[in-house]
Structures are given as structure tokens and as C-alpha cells.
Amino acid sequence: MNTQEYINQSEQYVLHTYNRFQMVLEKGKGAYLYDTDGKEYLDFAAGIAVYALGYGNEKLNAALKDQIDQLVHTSNLYYNVPMAEASRKVVEATGLSKVFFTNSGTEAIEGAIKAARKYAFLKDGSTDHEIIAMKHSFHGRSLGALSVTGNDAYQAPFKPLIGGVKFAEFNNLESVKAQITDKTCAIILETLQGEGGIYPADADFIKGIREICDEKDIVLILDEIQCGMGRTGYLFAYQEYGIKPDITTVAKALGCGVPVGAFVLNEKLAENSLKPGDHGTTYGGNPFALRAVSTVFDLYDEMNLVDHVKQTAPYLEQTLEEIAAAYPAVFYGRRGKGFLQGLLVNADCKAGDIILAAHKEGLLTISAEGNVLRLAPPLIITEAQIDEMKEKLCRAVESLNK
Ligand SMILES: Cc1ncc(COP(=O)(O)O)c(C=O)c1O
């Protein structure tokens with residue numbers, strides 16, 4: 001089949017929930033992807049902040065091939081060999097106490113919500129607890145995760161969603177306080193809002209929320225699905241603020257391409273929430289997924305990946321600021337942390353048009369809410385590749401003016 005035939009056949013059979021870009025990706029190496037026409041793309045999207053190690057990491061591939069030959073699936077009725085190591089590594093990395101493995105980020109959010117509700121139920125036996133979530137947040141598309149996603153357009157056709165969810169302004173502590181009642185059981189937020197437009201939490205805001213949660217025994221859920229696993233220059237973004245959540249959710253780079261997520265609980269929540277029979281999954285945490293998780297943590301250490309992000313991020317930020325300054329008619333600034341950055345696009349231009357022009361130049365980027373061009377490269381990118389991104393993006397922007 002040629003490229004157009006792959007697209008046509010897929011469109012014939014796949015439910016049309018995405019307006020996909022007209023390319024068929026076939027293979028990848030390092031920070032580069034190749035389509036079925038052999039065109040090379042420098043990837044500053046990383047499968048939406050997933051492929052931290054870059055494509056085709058030989059050690060990850062070898063571990064996965066080995067695991068396929070041993071055992072792919074067992075169900076959660078039994079222990080499996082990678083479980084012992086992967087669970088220890090996740091718990092130690094997050095500084096929390098116990099982990100539940102899922103198949104996706106969305107499912108990690110579902111589990112976190114259930115754990116918080118169960119904790120509150122065990123305290124007072126009532127079933128009308130409330131959750132405070134943030135406007136412009138994104139936590140996933142299942143009904144529970146969608147209920148705490150602050151985006152009217154995503155929610156509207158699927159109402160009624162789960163009850164008792166209130167929305168507050170991100171980075172506005174007073175707005176959160178105004179929503180708190182005796183029924184509040186959890187506050188959920190991304191440590192750095194990704195889909196909503198690349199907004200890092202202010203230190204005062206996140207520390208203030210931690211204090212309120214401590215004072216009122218409210219469960220703090222920090223969603224690190226996009227911003228965690230080293231992307232901000234800290235293994236988990238909350239570590240920069242010197243605070244810990246009661247529950248964190250992780251996915252995306254956790255498996256570096258293998259679909260796996262997790263919610264991780266501190267001791268208080270682990271001891272006082274979900275018990276046998278309360279929650280489960282057939283696939284979640286199977287040996288194949290957990291071999292990926294365990295190997296990913298080893299490779300992060302071996303490759304010093306988080307330090308690499310911390311050291312290289314200033315160069316990325318400076319480069320993006322140079323791009324923004326060079327094209328003031330297109331960009332009005334930069335926002336973000338580490339390797340999760342946004343170029344802010346002026347109202348009379350469209351981030352989507354820049355993305356398409358960049359494809360022609362061999363560069364992949366994505367967008368975020370509010371006309372933001374989002375850059376979320378693999379964590380292995382070098383200064384030379386940042387220069388290459390700049391050249392390609394500048395050519396793309398110039399091509400729009402022609
Ligand atoms: C912050 C955040 N939470 C949750 C999700 C949902 O994760 P998944 O798509 O793996 O279900 C995403 C996905 O983009 C995300 O960015």
C-alpha cells in the first residue's frame with residue numbers, strides 16, 4: 001500500500017474522532033520519525049510527551065523482546081516478576097507509599113478519584129462528597145476523568161457527568177478557597193497545566209493548596225501524567241516546590257511507548273481507601289508493561305536524563321525566546337518549564353497553521369488550548385537538535401507569510 005492507500009483504508013474503518021495529519025508514520029530513531037514516503041521529521045511532540053527516551057532505544061527494546069518471550073500477561077490474580085521491581089521504583093521515585101498500575105493516564109485519574117472518595121466515605125459514611133478541579137484542566141475522556149476536566153466543549157454532549165465537581169481558577173488560591181465546603185474530599189490539579197495552555201503552578205498557589213488540604217484533611221491529587229517523569233527538569237514536577245501530593249497520577253513517559261499508567265498513594269491514603277474488591281483491571285500492570293516501567297527507570301538513571309533536561313532547558317527557553325522575538329507578528333512570548341514549553345501565538349495567526357507549515361519543513365510540534373504551539377520533545381534532545389528545530393520552525397513561520 002502507498003501512503004494515500006493507508007490513509008484511505010484507515011479512514012474507511014477507524015471511527016473518525018481525530019482529524020489526523022496526512023502522514024503515515026512508520027519508524028523512528030532517537031529524536032527522529034520517518035513516514036511511509038521516507039520523509040524525516042525532527043520530533044518535538046514525542047507522541048504527546050510520551051517518548052522520553054527517544055525512538056528505538058536498544059536497551060528498552062531488548063528488555064521488551066525478552067519479556068515477550070517470557071510472559072506478556074498474567075492478570076492481577078497472580079504476582080509477576082517485573083511487578084516487584086517496577087512498584088519499588090515508582091514508589092521510591094514519587095516519595096509516596098503504594099502504587100496501582102493502570103493502562104492509561106485516564107484510568108489513573110479514575111482510580112485517584114475513587115481512592116479519594118473512599119477515604120472520605122470511610123471517615124463519615126456519607127456519599128455526597130465534592131471534588132474541586134481547575135478550569136482549563138485536562139485529565140482524560142472517560143466519564144470520571146472528563147467530570148474533572150475544566151473544558152465545557154469536551155463535557156457538554158456527555159452530561160450528566162459525575163456529581164459534586166466544582167471548578168476553581170488555576171493559580172488563584174482565593175478561588176479555590178471559595179469552593180471549599182465541609183463536603184470537599186479532594187482537590188485535583190496538574191502541577192503544570194499541559195493541554196490547557198502550558199501554565200506552571202505558582203509556588204504560592206501549590207503550597208497554599210497543600211496547606212489547606214493538610215488543615216482540612218482534603219486529599220490533594222497532583223496529575224503528573226504530562227509534566228512528570230522528568231519533563232520539567234524534576235523527576236516529578238511537584239518536587240520543585242518541596243511538597244508532596246496525597247495521590248499522584250503518572251502515565252505517558254512511564255512506559256515510553258508501552259501503554260501504562262499508575263496512581264500512587266501516600267501511606268495515609270494507602271491504608272485508608274481502596275481495599276480488595278474496590279478496584280481492579282485485567283491488563284493493568286501486566287508483566288510486559290511493568291518490564292517497560294522498570295527498564296525506563298533504569299535508563300533514566302543510566303542516561304542521567306533528568307539532569308540533562310535541567311541543564312539543556314535554559315538553552316531551549318532562550319532559543320524559543322529568540323524565535324518569539326524574531327517574529328513578533330506571529331508570537332508574543334514563551335511559557336513553560338523544562339522540556340514542556342509553549343510559544344504563544346498572536347490572535348491573528350493560528351498555531352494549527354504553523355504546525356502544518358512545520359511538517360513541510362520536517363518538524364513535528366503540537367498545540368495547546370489558547371492558540372499555543374506546544375513543544376514536548378523526547379528528553380534526549382541535544383542543543384544541536386534545538387538549533388535544528390529553530391531553523392525549521394523559522395522557515396515554517398516565514399513560509400506562512402509568503
Ligand atoms: C495531564 C493529563 N492527564 C490525563 C491525561 C489522559 O491520559 P491518557 O491519554 O493516557 O488517558 C492526559 C493526556 O494528555 C494529560 O495530559
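Numbers here are sequence positions counted from 1. Whatever order the structure lists ligands and atoms in, that order sets their numbers, starting from 1.
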Would you mind writing out the side-chain donor-acceptor pairs for residues 184-192 within the sub-3.5 Å range, not counting sequence neighbours?
unit_1: Thr184; atom_1: OG1; unit_2: Thr181; atom_2: N; d: 2.8
unit_1: Thr184; atom_1: OG1; unit_2: Thr181; atom_2: O; d: 3.1
unit_1: Glu190; atom_1: OE1; unit_2: Gly194; atom_2: N; d: 3.1
unit_1: Glu190; atom_1: OE2; unit_2: Phe138; atom_2: N; d: 2.9
unit_1: Thr191; atom_1: OG1; unit_2: Glu224; atom_2: OE2; d: 2.7

>> Regarding Asp214 and Arg210, does a basic nitrogen lie under 4.0 Å from an acidic carboxylate oxygen?
In response: yes

> Who's closest to atom 5 (C) of ligand 1 heavy-atom-wise, of Thr249, Ile225, Thr102?
Replying inline: Ile225

> For ligand 1, is Lys252 a contact, meaning one of its heavy atoms is under 4.0 Å away?
Replying inline: yes

> Relative to the heavy atoms of Thr106, which atoms of ligand 1 are at a distance of less than 4.0 Å?
Replying inline: 6 (C), 7 (O), 8 (P), 11 (O)

>> Can you report which non-hydrogen protein atom sits closest to atom 16 (O) of ligand 1, along with the distance?
In response: Gln226 NE2, 2.8 Å

> When rounded to the nearest 0.5 angstrom, what is the spacing between CZ in Phe44 and CD in Gln341?
Replying inline: 10.5 Å

> Applying a 4.0 Å heavy-atom criterion (strictly less than), which segment of Glu107 is in contact with ligand 1: side chain, backbone, both, or neither?
Replying inline: neither

Distance-only donor-acceptor pairs under 3.5 Å for side chains of residues 196-207, two or more places apart:
unit_1: Tyr199; atom_1: OH; unit_2: Arg335; atom_2: NH2; d: 3.3

> If you count the atoms of ligand 1 from 1 in the order shown, which ones are under 4.0 Å from a heavy atom of Gly105?
Replying inline: 7 (O), 8 (P), 10 (O), 11 (O)

> What atoms of ligand 1 come closer than 4.0 angstrom to any heavy atom of Glu195?
Replying inline: 14 (O)

> Heavy atom of Asp223 under 4.0 Å from ligand 1?
Replying inline: yes

> Any idea which atoms of ligand 1 are less than 4.0 Å away from a heavy-atom of Glu190?
Replying inline: 1 (C)

> Between Glu130 and Lys183, does at least one N-O distance fall below 4.0 Å, as a salt bridge requires?
Replying inline: no

>> Test salt bridge (Lys or Arg N to Asp or Glu O under 4.0 Å) on Asp217 and Lys268; report intermediate values, then the result.
In response: CA-CA 11 Å; Asp217 199 20; Lys268 180 177 83 174; 2.7 Å; yes

>> Let me confirm one number: the OG-CG distance from Ser367 to Leu343, rounded to the nearest 0.5 Å.
In response: 12.5 Å

